[in-house]
Q: 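After the structure tokens below, expect a handful of questions from me.
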Number of protein chains: 2
Amino acid sequence: MKTRDRILDVSLRLFNEEGEAHTTTIDIANELDISPGNLYYHFKGKDQIIAELFEQFQLALGQTLKAPVEQPLHQVFDSVEDNWYYLYVVLEELYQYRFLYHNLDDLLRRYPKLKRSFRRLIDGKREALTAIIESVLEDASRPPTQVQLSALIENMTLQLTYWLNYDRLLHDEQDAEMSIHQGVLQLLTMVAPYLGEDQIDFYRQCEAIFEGMLKAKK
Amino acid sequence: MKTRDRILDVSLRLFNEEGEAHTTTIDIANELDISPGNLYYHFKGKDQIIAELFEQFQLALGQTLKAPVEQPLHQVFDSVEDNWYYLYVVLEELYQYRFLYHNLDDLLRRYPKLKRSFRRLIDGKREALTAIIESVLEDASRPPTQVQLSALIENMTLQLTYWLNYDRLLHDEQDAEMSIHQGVLQLLTMVAPYLGEDQIDFYRQCEAIFEGMLKAKK
DNA sequence: GTCTATATTTAGATAGAC
DNA sequence: GTCTATCTAAATATAGAC
């Protein structure tokens, strides 16, 4: 593995674990057992490292968010399990690059260009969630009004953006997998009340998946 | 107004507007037309300023969050308008000290003792929301299950914590009052589907309040 | 590509006169 | 209480040898 890539890998890990603001170029170099001078040979500075990590993040998440919009409905996302799995993947990608959200205000002040990209990703989330919700609610017994639907989507988009921050605030050092599963459960709960008669069945499935995950951990 | 209090006031404003990480003691002194030395006569440093601002925040919000728990049910919080107004006040207090949430990760790393307090405030939000929801849903035609109820409360607590961050990410420089009103609308929308027959009426009221606020602005 | 040594910048903080 | 002048510490970044 090339030094350049090792720098990116270790930077991502340290940013996530120790905080980006608190991680210096020296820390990264030390962790890799290389000199600061060497690090500056590969990257102009911390800024460039962050820019490249963000690029990775944007590409990966952007791809993932397109899936439910482009897939023909009811071909892939037709069961609770499918949606569960999909949301799990999205949250996992957010988790991998979670440092980006931990001090977002400062990050966007230092790199104002990222703002556009963050907003595009939010748009992507909104579109993905809309596709999923429309598919799930297609034969809902008590469908939401138009106002309710758009507020529901917005609440889910916010939840998908800040769940990991919220969970971390409540219990730091929480197991990542658990945290993500719970995030998915919280998201799907928002949809549940619209499902009417199927509601009990829907919940049984959600809980079954959640408990299945719990067992798989042990 | 004493210099000490002016320092606190200006610091709060600069932290909110320019970002805490980006605001130095020199900036604060300049804004007040006093010398850095003078600032350090009144406060040991930036840390102490932040600590006192947080203390103010905690006291104010903590008080507010107790209200719905301590009030006899159906005495104060018995109409949509009452709840709307209450949630508006809570969000406004969060807005006044919004800098605390803008780089929360870094803040908690530098002042680890604040973590306990933040969690207590979250608990306070959860309890306040529980009291409100129970009162609102008391004669709901389609009450949530126990699982749904606790997930609903948790989603609302998260929303109450991160709505201002989310809204700022979407449209910076947004009018504060509008942002807060929309946050309240988003929160109450989460409860709507459980209201059944009253649902349409509930929404009409919410929208009426929202539009009333819009007009009042002009 | 990698190292050592050093320069630059900036924020945080203090000393001592008035 | 307030000022001027100055110090310290830490992070970013560069120069030049190997």
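The analysis underlying the following values was restricted to heavy atoms, covering all of them including side chains, and did not include hydrogens, waters or symmetry mates. Treat the numbers as computed from the prediction; the structure is a model and nothing was measured. Numbers restart at 1 for each chain; the letters A, B, ... are given by sequence-line order, proteins then strands.
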Q: Assuming nearest nucleotide by heavy-atom distance, tell me which of Tyr41(B) and Ile26(A) is located more 5' along DNA chain D.
A: Tyr41(B)
Q: Using the side-chain heavy atoms of Thr24(A), tell me which of these nucleotides is nearest: dT12(D), dT2(C), dT4(C).
A: dT12(D)
Q: Classify the nucleic acid contact of Ser35(B) as base, sugar-phosphate or nothing, counting any heavy atom under 4.0 Å across all strands shown.
A: base
Q: Would you mind reading off the distance between Asp33(A) atom CG and dC3(C) atom C1', rounded to a whole angstrom?
A: 13 Å
Q: Grab the two heavy atoms, one from Ser179(B) and one from Leu164(B), that are nearest each other, plus how far apart they are.
A: OG-CD2, 3.8 Å
Q: Hey, are Arg119(B) and Asp172(A) close enough for a salt bridge, meaning a charged N less than 4.0 Å from a carboxylate O?
A: yes
Q: Rounded to the nearest angstrom, tell me the gap between atom NE2 in His42(A) and atom P in dT14(D).
A: 16 Å
Q: In whole angstrom, what separates Lys2(B)'s NZ from dT2(D)'s C1'?
A: 15 Å
Q: Tell me whether the OP1 or OP2 atom of dA11(D) has a side-chain N or O from His22(A) closer than 4.0 Å.
A: no
Q: How many whole angstroms separate atom CD1 of Ile34(A) from atom P of dA13(D)?
A: 15 Å
Q: Determine, for Asp123(A) against Arg126(A), whether the closest basic-nitrogen to carboxylate-oxygen distance falls under 4.0 angstrom.
A: yes
Q: Figure out the OH/C1' separation between Tyr40(A) and dA5(C), and round it to whole Å.
A: 15 Å
Q: Please report the distance, rounded to the nearest Å, between CZ in Arg110(B) and P in dA11(D).
A: 13 Å
Q: What nucleic acid atoms does Asp47(B) come within less than 4.0 Å of, heavy atoms only: base, sugar-phosphate, or nothing?
A: nothing
Q: If I take atom CD in residue Gln48(B) and atom P in nucleotide dT14(C), what distance separates them, rounded to the nearest angstrom?
A: 11 Å
Q: Counting only side-chain heavy atoms from C-beta out, which of dG12(C), dT12(D), dT4(D) sits nearest to Thr25(A)?
A: dT12(D)
Q: Are the aromatic ring centres of Tyr101(B) and Phe118(B) under 6.0 angstrom apart?
A: yes
Q: On the nucleotide dG1(D), are OP1 or OP2 found under 4.0 Å from the side-chain N or O atoms that Asn38(B) carries?
A: no
Q: Do Trp84(B) and Gln205(B) come close enough that some side-chain heavy atom pair is under 4.5 Å?
A: no
Q: Answer with base, sugar-phosphate or nothing: what part of the nucleic acid does Gly45(A) contact at a heavy-atom distance below 4.0 Å?
A: sugar-phosphate
Q: Give a yes/no on whether any side-chain N or O of Lys44(A) is located under 4.0 angstrom from OP1 or OP2 of dA13(D).
A: no
Q: How long is the line joining CE of Met1(A) and C1' of dG1(C), in whole Å?
A: 17 Å
